[in-house]
Number of protein chains: 2
Amino acid sequence: MKIEEAIKQKKFKTEYQKLFINIIYTAHWIDHETIKTLKPYGISPQQYNVLRILKGQYPKCISMNQIIDRMLDINSNASRLVEKLKQKQLVEREICENDRRQVDIKITENGLKLVDMVQEKIDELNNFSKIISTTEAEKFNQFLDKIRV
Amino acid sequence: MKIEEAIKQKKFKTEYQKLFINIIYTAHWIDHETIKTLKPYGISPQQYNVLRILKGQYPKCISMNQIIDRMLDINSNASRLVEKLKQKQLVEREICENDRRQVDIKITENGLKLVDMVQEKIDELNNFSKIISTTEAEKFNQFLDKIRV
DNA sequence: AAAATATATATGTATATACATTAACTGTTA
DNA sequence: TAACAGTTAATGTATATACATATATATTTT
């Protein structure tokens, strides 16, 4: 559906303004789709994001700071997210002996299983191969990288 | 900055997955920039979005339902947002006499002034003319429109 | 080594969001 | 016209987020 219909706005100042708004609108749309996909598994998109990061490091641990560095949402409260995941026994957390300020966080077997189950469904959302070519996707990636000054 | 550096992830399964993640990450980035821009004016991005919608209708009123239809975030609680804006005297709200279930909402003079002041600064965020051509922006818009099934 | 500074994480708090439910009103149908 | 269904908006509640502050530990400076 065209963005004009989606938000019932016929005109935009420029094609650039339209693109700006389209990016925001589409990201919200993606977020809602992701929420729906994850709901049966009892986790939020942010929690999924943390699990994916932890899976990427498995079987190594990773510190809270490193998680924050890798997260899609710059401002999210990693500490509380990890606490939620721990309550669900999807991650383990222990104080780092070399630097007692730090905590070492690691995904559990349960966590790994959950990510594996979910990942497939999430990846369906990004199967753009029928819509654009790899070359175009590359261009779009370059563009997005450039607008974040 | 490249998305690989931004979230410290070297590899992606496909260029499409990278694009998917890039869209989410960039939208969050935009959101944070917008929050910073709006902060001095005491409103949130969602509240700004409502004000812009109302400005587009000015001097006509618009119902709560119509606001929801036009919002960028599908699930936002327009009713409470409008209440916040009313408290700041940026909008007026009154029950529609033709259909007493409905409310007519209208931006105030103060609201209009605020949007005018802010709009300029927000629009700086979407000045992509140095990064891509209008034709390319059109292509991206078409792509985004297509991924929202 | 004590004091000051820096770093890693956690917590407090106000506000926002997701989602279900409720309340008020309108329109339709039996 | 009474009962029912449909629509519009508001509210309740649990959870999430933004942002400031606190706590614990490590490092640097004097």
Side-chain angles (χ1 to χ4, degrees), chain A residues 24 27-50 61-88 91-106, chain B residues 24 27-50 53-54 61-88 91-106:
Chain A
I24 299 169
H28 282 144
W29 182 88
I30 290 174
D31 206 39
H32 289 294
E33 290 301 307
T34 311
I35 287 172
K36 277 194 272 176
T37 306
L38 295 177
K39 177 136 273 189
Y41 302 94
I43 57 170
S44 69
Q46 301 256 29
Q47 289 172 15
Y48 175 67
N49 189 205
V50 171
C61 298
I62 187 173
S63 76
M64 201 64 84
N65 256 347
Q66 287 173 301
I67 291 178
I68 293 168
D69 275 354
R70 286 165 171 74
M71 285 197 69
L72 297 179
D73 192 345
I74 312 141
N75 258 32
S76 71
N77 200 324
S79 182
R80 277 188 264 232
L81 280 174
V82 167
E83 174 57 26
K84 296 272 166 186
L85 292 171
K86 195 190 160 195
Q87 279 168 21
K88 294 170 195 158
V91 307
E92 287 164 352
R93 176 177 59 185
E94 57 182 30
I95 290 165
C96 170
E97 281 313 313
N98 296 331
D99 182 341
R100 294 182 50 76
R101 289 170 303 182
Q102 237 175 258
V103 292
D104 289 333
I105 300 140
K106 190 173 160 185
Chain B
I24 300 169
H28 283 144
W29 181 88
I30 289 174
D31 205 40
H32 289 295
E33 290 301 307
T34 311
I35 287 172
K36 277 193 272 176
T37 306
L38 295 177
K39 175 135 274 186
Y41 301 93
I43 57 171
S44 69
Q46 301 256 30
Q47 290 172 13
Y48 175 69
N49 189 203
V50 171
I53 290 165
L54 292 173
C61 300
I62 187 172
S63 76
M64 202 62 85
N65 257 347
Q66 288 173 302
I67 292 179
I68 293 169
D69 275 354
R70 286 165 171 72
M71 286 196 68
L72 296 179
D73 192 345
I74 312 142
N75 258 33
S76 70
N77 202 323
S79 183
R80 278 188 265 231
L81 281 174
V82 167
E83 174 58 26
K84 295 272 164 185
L85 292 171
K86 195 190 160 194
Q87 280 168 22
K88 292 170 198 160
V91 307
E92 287 164 352
R93 178 177 59 184
E94 58 182 29
I95 289 166
C96 170
E97 281 313 315
N98 297 332
D99 183 342
R100 295 182 50 76
R101 289 168 303 182
Q102 239 174 257
V103 292
D104 289 333
I105 300 140
K106 189 173 159 184

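Letters A, B, ... are given to chains in the order of the sequence lines, protein chains preceding strands, and every chain is numbered from 1. What's counted below: heavy atoms across the whole structure, side chains too, no hydrogens, waters or symmetry copies.
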To the nearest angstrom, the CD1-C1' distance between A:Ile67 and C:dT9 comes to 11 Å
Looking only at side-chain atoms of A:Gln102, point me to the closest of D:dT8, C:dT9, D:dA18. C:dT9
Would you call B:Asp69 and B:Asn65 a side-chain contact if the rule is heavy atoms closer than 4.5 Å? no
Take the protein atom CD of B:Gln66 and the nucleotide atom P of D:dT7, then report the distance between them rounded to whole Å. 16 Å
Table of protein N/O atoms under 3.5 Å from nucleotides 1-5 of chain D N/O atoms:
none

Quick one: is D:dT8 close enough that its OP1 or OP2 comes under 4.0 Å of any side-chain N or O from B:Asn65? yes
Does a side-chain N or O of A:Arg80 approach OP1 or OP2 of C:dG12 to a distance below 4.0 Å, or not? no
State whether B:Gln47 places a side-chain N or O below 4.0 Å from either non-bridging phosphate oxygen (OP1 or OP2) of C:dA16. yes
Under 4.5 Å between any side-chain heavy atoms of B:Ile67 and B:Ile62, yes or no? yes
5′-ward residue of the pair A:Asp104/B:Asp99 relative to DNA chain C: A:Asp104
In whole angstroms, the gap separating C1' of C:dT15 from CG of B:Leu81 amounts to 11 Å
Taking the side chain as every heavy atom from C-beta outward, state whether B:Ile35 and B:Pro45 have any pair of such atoms under 4.5 Å apart. yes
If only side-chain N and O atoms of B:Lys36 are considered, is one of them under 4.0 Å from the OP1 or OP2 phosphate oxygen of D:dA18? no
Atom pair distance, as rounded to whole Å: CD1 in B:Ile35 and P in C:dA16: 10 Å
The side chain of A:Val103 is closest to which nucleotide in this list: C:dA8, C:dA10, C:dC25? C:dA10
Do B:Lys88 and B:Ile43 have side chains that approach each other closer than 4.5 Å (heavy atoms only, starting at C-beta)? yes
Is any N or O donor-acceptor pair between the side chain of B:Arg101 and the base of D:dT7 shorter than 3.5 Å? yes
Taking the minimum atom-to-atom distance to the side chain of A:Ser63, which one of D:dA18, C:dA18, C:dT9 wins? C:dT9
d(CD, A:Glu83; P, C:dA10) in whole Å: 8 Å
Roughly, in whole Å, what's the span from CD1 in A:Ile62 to P in C:dT9? 10 Å
Separation of D:dA9 C1' from B:Arg100 CZ (nearest whole Å): 13 Å
Verify side chain to side chain contact (heavy atoms under 4.5 Å, CB included) between B:Glu83 and B:Arg93, making sure each step is shown before the conclusion. CA-CA 9 Å; B:Glu83 174 58 26; B:Arg93 178 177 59 184; 2.7 Å; yes
Nearest heavy-atom approach of B:Leu81 to B:Met71 is CD1-CE, 3.8 Å
Around atom CD of A:Glu94, are there more than 12 heavy atoms from other residues, nucleotides or ligands closer than 6.0 Å? no
Return the value, rounded to whole Å, for the distance between atom CE of A:Met64 and atom P of C:dA8. 12 Å
With heavy-atom distances below 4.5 Å as the criterion, would you say the side chains of B:Glu33 and B:Lys36 are in contact? yes
Indicate whether OP1 or OP2 belonging to C:dA10 is found under 4.0 Å from a side-chain N or O atom of A:Arg93. yes
Does D:dA16 have OP1 or OP2 sitting under 4.0 Å from an N or O in the side chain of A:Gln46? no
Nearest to the side chain of A:Asn77, which nucleotide is it out of C:dT11, D:dT7, D:dA9? C:dT11
5' priority, DNA chain C, between B:Lys84 and B:Asn98 [closest heavy atom]: B:Lys84
